[in-house]
There are 2 protein chains.
Amino acid sequence: MEKDEKLMKSLRAKFRDNNYKLTSQRQDILDVLLNNFGEHFSAEELYEKVRKINPDIGLATVYRTLELMCQLGITHQVDFDSTYKRYEISLEGQHHHHLICIDCGKIIEFNDRVLEGFERKLEDEYQFEIVEHRIKFYGLCNKCKLNR
Amino acid sequence: MEKDEKLMKSLRAKFRDNNYKLTSQRQDILDVLLNNFGEHFSAEELYEKVRKINPDIGLATVYRTLELMCQLGITHQVDFDSTYKRYEISLEGQHHHHLICIDCGKIIEFNDRVLEGFERKLEDEYQFEIVEHRIKFYGLCNKCKLNR
DNA sequence: ATCGATGCAAACCTTTTGCATGCAG
DNA sequence: CTGCATGCAAAAGGTTTGCATCGAT
């Protein structure tokens, strides 16, 4: 839990350093975030999880906190093709991408650096300065391949 | 317009071959699709464009037709991080990806094959059969770079 | 003539907003 | 204390659905 403590400290600092109050609701949300590290979640899902810790929290607060955390770089949106928005915790230097199973919806994450040369080429060709990339591969996971 | 005729014919066949009626509304939607080839559009945007041809079409019909066309492979969803869904016409062998400007929202499309080797590697590593990929690079377009 | 497709309006679901109250700094 | 943050409920998108009618086959 040492690493978690350090991370929590840095996330709290992001609120404080930007003059946002560290309310108990925001702390509760950070707790849930770290206890579910690496997951993607909707506002509703986050709300349900936070309610187990603090049953009085309002859904609007969850939405407002998500927006603020995205602004502070604590979280960011991940856009899968769904009717609602999904989010995940941001971690510097942790570009990761997704393999998404079109049968069962399973999401596998992976990291890679192979794309960097490719990015240079694109930047030249289109006079575009790349800040970030999101890559998704759709297909069949091991299990679903067998069930066909 | 020769190529368009051929494409239109094949799209109409997709309805017919699957026993869906080729109503005037569906035909109007196909017309708009081909006359705005390559664009991404929301249901609302498509609705507005179709209304110029057929002012009596209902928004629900546009939604229902979009769903059907996605099912038939005529269109597919593209997921940018927005509050509403966006679609584009599908074209076999035309994998293309996006450069998205984080300042002005401009979207530049590009094609590339450099990722194929990378895909093989992922398939081995994760026992995952890749069917399709979607790649987005976020950054600053030429114009917005200058305005900073 | 039949049954799927349409238009309308209502329902739904997710997200945002206004306002009075609460609480961190 | 002060002003930002919260909870509630209402409003605001975007999308889906029920139902009577229309029209492609």
Side-chain angles (χ1 to χ4, degrees), chain A residues 11-32 40-72 74-88, chain B residues 11-32 40-72 74-88:
Chain A
L11 298 186
R12 300 220 295 219
K14 289 201 181 180
F15 282 100
R16 292 231 170 82
D17 295 350
N18 291 279
N19 290 315
Y20 291 106
K21 291 177 180 170
L22 194 43
T23 62
S24 68
Q25 290 88 337
R26 287 172 178 171
Q27 179 64 61
D28 292 338
I29 287 171
L30 286 181
D31 285 341
V32 168
H40 322 98
F41 49 86
S42 65
E44 194 70 37
E45 284 163 6
L46 181 55
Y47 175 57
E48 286 309 328
K49 279 180 178 151
V50 178
R51 281 226 285 187
K52 288 180 186 158
I53 299 177
N54 173 358
D56 296 328
I57 196 168
L59 179 55
T61 298
V62 171
Y63 275 101
R64 283 188 279 231
T65 304
L66 271 172
E67 196 197 339
L68 178 58
M69 291 192 304
C70 286
Q71 194 184 303
L72 295 176
I74 294 174
T75 54
H76 61 260
Q77 277 189 222
V78 285
D79 33 303
F80 302 124
D81 39 356
S82 53
T83 7
Y84 48 83
K85 295 179 183 170
R86 306 196 123 250
Y87 304 83
E88 66 184 10
Chain B
L11 297 185
R12 300 219 297 219
K14 289 200 181 181
F15 283 99
R16 291 230 170 82
D17 295 352
N18 290 279
N19 290 316
Y20 291 106
K21 291 177 182 170
L22 194 43
T23 62
S24 68
Q25 291 88 337
R26 286 173 179 171
Q27 179 64 62
D28 292 337
I29 286 170
L30 286 181
D31 285 339
V32 168
H40 322 97
F41 49 86
S42 64
E44 194 69 36
E45 284 163 4
L46 179 56
Y47 175 57
E48 287 309 327
K49 278 180 178 150
V50 178
R51 281 225 285 186
K52 289 179 185 159
I53 299 177
N54 173 359
D56 297 327
I57 197 168
L59 180 55
T61 299
V62 172
Y63 274 102
R64 283 186 281 230
T65 305
L66 272 171
E67 196 196 340
L68 178 57
M69 291 192 303
C70 285
Q71 193 184 304
L72 295 176
I74 294 175
T75 53
H76 61 261
Q77 280 190 220
V78 285
D79 33 305
F80 302 125
D81 40 355
S82 52
T83 7
Y84 48 84
K85 295 179 183 170
R86 307 195 123 249
Y87 304 83
E88 67 183 9

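Lettering follows sequence order; numbering is per chain, from 1.
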Give me the distances for all protein-to-nucleotides 11-13 of chain D N/O pairs that come in under 3.5 Å?
none

Atom pairs, protein N/O to nucleotides 20-22 of chain D N/O, distance under 3.5 Å:
none

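Take A:E44 and apply the side chain to side chain donor-acceptor pair (under 3.5 Å) test, not counting sequence neighbours, and it matches no residue. In this structure, the side chain to side chain donor-acceptor pair (under 3.5 Å) partners of A:E88, at least two apart in sequence or on a different chain, are A:H40, A:H76, A:H96. Taking B:R86 as the reference, B:E45 meet the side chain to side chain donor-acceptor pair (under 3.5 Å) condition, with sequence neighbours excluded. Partners of B:R12 by side chain to side chain donor-acceptor pair (under 3.5 Å), not counting sequence neighbours, listed by chain and number: B:Q27.
Each of B:T75, B:I57, B:L11, B:T23 was compared with B:I29 under the side chain to side chain contact (heavy atoms under 4.5 Å, CB included) criterion, and only B:I57 meets it.
Put simply, CG on B:D17 is 13 Å from P on D:dT25, counting in whole angstrom units.
A heavy-atom distance below 4.5 Å is not found between the side chains of B:F41 and B:V32. B:L68 has its side chain within reach of B:R26: a pair of non-hydrogen atoms, C-beta onward, lies under 4.5 Å apart. Side-chain contact between B:F15 and B:L30 is present, with heavy atoms from C-beta onward closer than 4.5 Å.
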A:L72 vs A:Y20, side-chain contact (heavy atoms from CB on, under 4.5 Å): CA-CA, chis, key distance, verdict: CA-CA 10 Å; A:L72 295 176; A:Y20 291 106; 4.1 Å; yes
Audit row: A:T83, B:K85, side-chain contact (heavy atoms from CB on, under 4.5 Å) steps and yes/no: CA-CA 8 Å; A:T83 7; B:K85 295 179 183 170; 3.7 Å; yes
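Fit an axis to the five pairs at each end of the helix from C:dA1-D:dT25 to C:dG25-D:dC1 and the two axes sit 40° apart, to the nearest 10 degrees.
For DNA chain D, the residues of residues 63-70 of chain B within the heavy-atom distance limit of 4.0 Å (strictly under) are B:Y63, B:R64, sorted by number. For DNA chain D, none of the residues of residues 40-54 of chain A falls under the heavy-atom distance limit of 4.0 Å. Proximity of residues 19-32 of chain B to DNA chain C (heavy atom under 4.0 angstrom from any strand atom) is restricted to B:Y20, B:K21, B:T23, B:Q25, B:R26.
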Taking distance alone, no hydrogens or angles, what donor-acceptor pairs closer than 3.5 Å link side-chain atoms of residues 48-55 of chain B to residues at least two apart or in another chain?
| from | atom 1 | to | atom 2 | distance (Å) |
| --- | --- | --- | --- | --- |
| B:K49 | NZ | B:E39 | OE1 | 3.2 |
| B:R51 | NH1 | B:Y47 | OH | 3.4 |
| B:N54 | OD1 | B:D56 | N | 3.0 |
| B:N54 | ND2 | B:D28 | OD2 | 3.1 |

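For B:R16 (side chain) and B:L22 (main-chain N/O), no donor-acceptor pair under 3.5 Å exists by modelled atom type.
Rounding to the nearest 0.5 Å gives a distance of 10.0 Å between CZ of B:R64 and CG of B:L59.
Here chain B contacts DNA chain C (any atom closer than 4.0 Å to a heavy atom, that is under 4.0 Å), and the contacts span C:dC3 to C:dC8 from 5' to 3'.
At the heavy-atom level, A:R86 lies nowhere under 4.0 Å from the strands shown.
Distances shown here put every side-chain N or O of B:R16 at or beyond 4.0 Å from the OP1 or OP2 atom of D:dA24.
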